[in-house]
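One-based numbering along the sequence shown. Order of appearance sets the numbers: ligands from 1, and atoms from 1 within every ligand.
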Amino acid sequence: MSGFLEDAYGARTQEAVNAHYDRWAESYDAEVAENGYATPRRCAEALARHLPDRAAPILDYGCGTGLSGAAFRAAGFTAIDGADVSEGMLAQARVRGAHRTLHHVSPEAPFEGIDVRSYAAVACVGVIGAGAAPFTLFDDVLAAMGSGALFVLSLNDHSLADPEARARLDSLAPSPHTLLEAEDGEHLPGIGLRSRVVVIRRG
Ligand SMILES: C[S@@+](CC[C@H](N)C(=O)[O-])C[C@H]1O[C@@H](n2cnc3c(N)ncnc32)[C@H](O)[C@@H]1O
C-alpha cells in the first residue's frame, strides 16, 4: 500500500482534513480502487432497498470525487446532488459527471445554499468519523433533513471504535427516528478495513 490512504485516519483538524483531501484528489480513485473500495456500492444497495422511487432526489454529502454518486447511479438513482468541503475533490467529481449539481460547502455553514428538506435521502458515504468530518455532522444532517427522509451513512472500523459513534447509534432507539438497517461488511478489503452501513428514517 502506498499514497494517502495510510495517512487517512489520523486525528486532525478540519483544516488539515481539507488539505489532505485536496492533495489526495487526483490519485484518490486509483488508490481506493486498488484496495477494493466496497462501501459506495453497499450504501447505494442499502438505500435502494428502502427507497423504491429511483427519481427521488438524493443529497450525496461529502461526495468526494464522485465515486458514491456513481454508485447511486449504478443502483438506478437519477437525481443525485453532491456537496463537499474540498475543492480538489469536487473538481474530480465535476469531471466524473455523476451528480446533477455540486456544492462547495464549509464546515461552519454545512448546508448553506442547499435546501436539505427537499431531498428524499441524504448520504454520507465514508464521510463521518476518523480522518474526515466530526461526529456532530451526524446530528447536523438529521436535524436538517425533512421528516420521513432517509439517511444512509457508513462508519468504518476506526470510526466505530470511537464511543462518539456508538453513542449516536445507541441514541436512535428511544428517538423519533427509526433504524431501518445496519449491516457490517467490506470497506477497503485491501487494507483489511470493514464498515457498517446504516439506514435511518428521520422521525
Ligand atoms: C473518504 S472521502 C469519501 C468520498 C465519497 N463519498 C466516496 O465514497 O468516495 C471523504 C470525503 O468527505 C469530505 N469531508 C471531510 N470533512 C467534511 C465535512 N465536514 N463536510 C463535508 N464533507 C467533508 C472530504 O473532503 C472527502 O471528499
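Only the backbone of Cys63 comes within 4.0 Å of ligand 1, counting heavy atoms alone; no side-chain atom from C-beta on gets that close.
Taking the six-membered ring for Trp and thresholds of 30 and 60 degrees, Tyr28 and Tyr37 have ring planes more than 60 degrees apart, a perpendicular arrangement.
Taking only nitrogen or oxygen atoms, main chain and side chain alike, Asn18 does not reach within less than 3.5 Å of ligand 1. Distances between N or O atoms of Ser68 and those of ligand 1 include at least one value under 3.5 Å.
In this structure, the protein non-hydrogen atom closest to atom 16 (N) of ligand 1 is Gln14 NE2, 3.0 Å. Closest to atom 22 (N) of ligand 1, if we only count protein heavy atoms, is Gly62 CA, 3.7 Å.
Close approach of ligand 1 to Gly64 (heavy-atom distance below 4.0 Å) involves ligand atoms 4 (C), 27 (O). Listed by number with element, the atoms of ligand 1 under 4.0 Å from a non-hydrogen atom of Tyr28 are 1 (C), 2 (S), 3 (C), 4 (C), 7 (C), 9 (O).
The pair Glu164-Arg168 meets the salt-bridge criterion, since a charged nitrogen lies less than 4.0 angstrom from a carboxylate oxygen.
Judged by distance alone, with hydrogens and angles left aside, the side-chain atoms of Arg202 form no donor-acceptor pair with the main-chain N or O of Ala144 at under 3.5 Å. At least one donor-acceptor pair under 3.5 Å links the side chain of Asn35 to the backbone N or O of Glu31. A distance-only check finds a donor-acceptor pair linking the side chain of Arg96 to the backbone of Thr65 [under 3.5 Å].
A continuous path of hydrophobic side-chain contacts links Val198 to Met145 [ILVMFWY only; heavy atoms under 4.5 Å]. Note: the hydrophobic cluster containing Leu150 also contains Phe77 (ILVMFWY, side chain heavy atoms under 4.5 Å, direct or indirect links).
Residue nearest to atom 15 (C) of ligand 1, selected from Leu67, Val127, Val17, Thr65: Val17 (by heavy-atom distance). Counting only non-hydrogen atoms, the option in Tyr9, Tyr37, Tyr21, Tyr61 that gets closest to atom 1 (C) of ligand 1 is Tyr21. Considering only non-hydrogen atoms, atom 10 (C) of ligand 1 lies nearest to Gly126 out of Gly88, Gly126, Ala132. Of the candidates Val85, Val32, Asp29, Asp84, the one placing a heavy atom closest to atom 20 (N) of ligand 1 is Val85.
In summary, of the residues considered (Val32, Asn156, Asp157, Thr39), a side-chain contact (heavy atoms from CB on, under 4.5 Å) with Leu188 occurs for Val32 alone.
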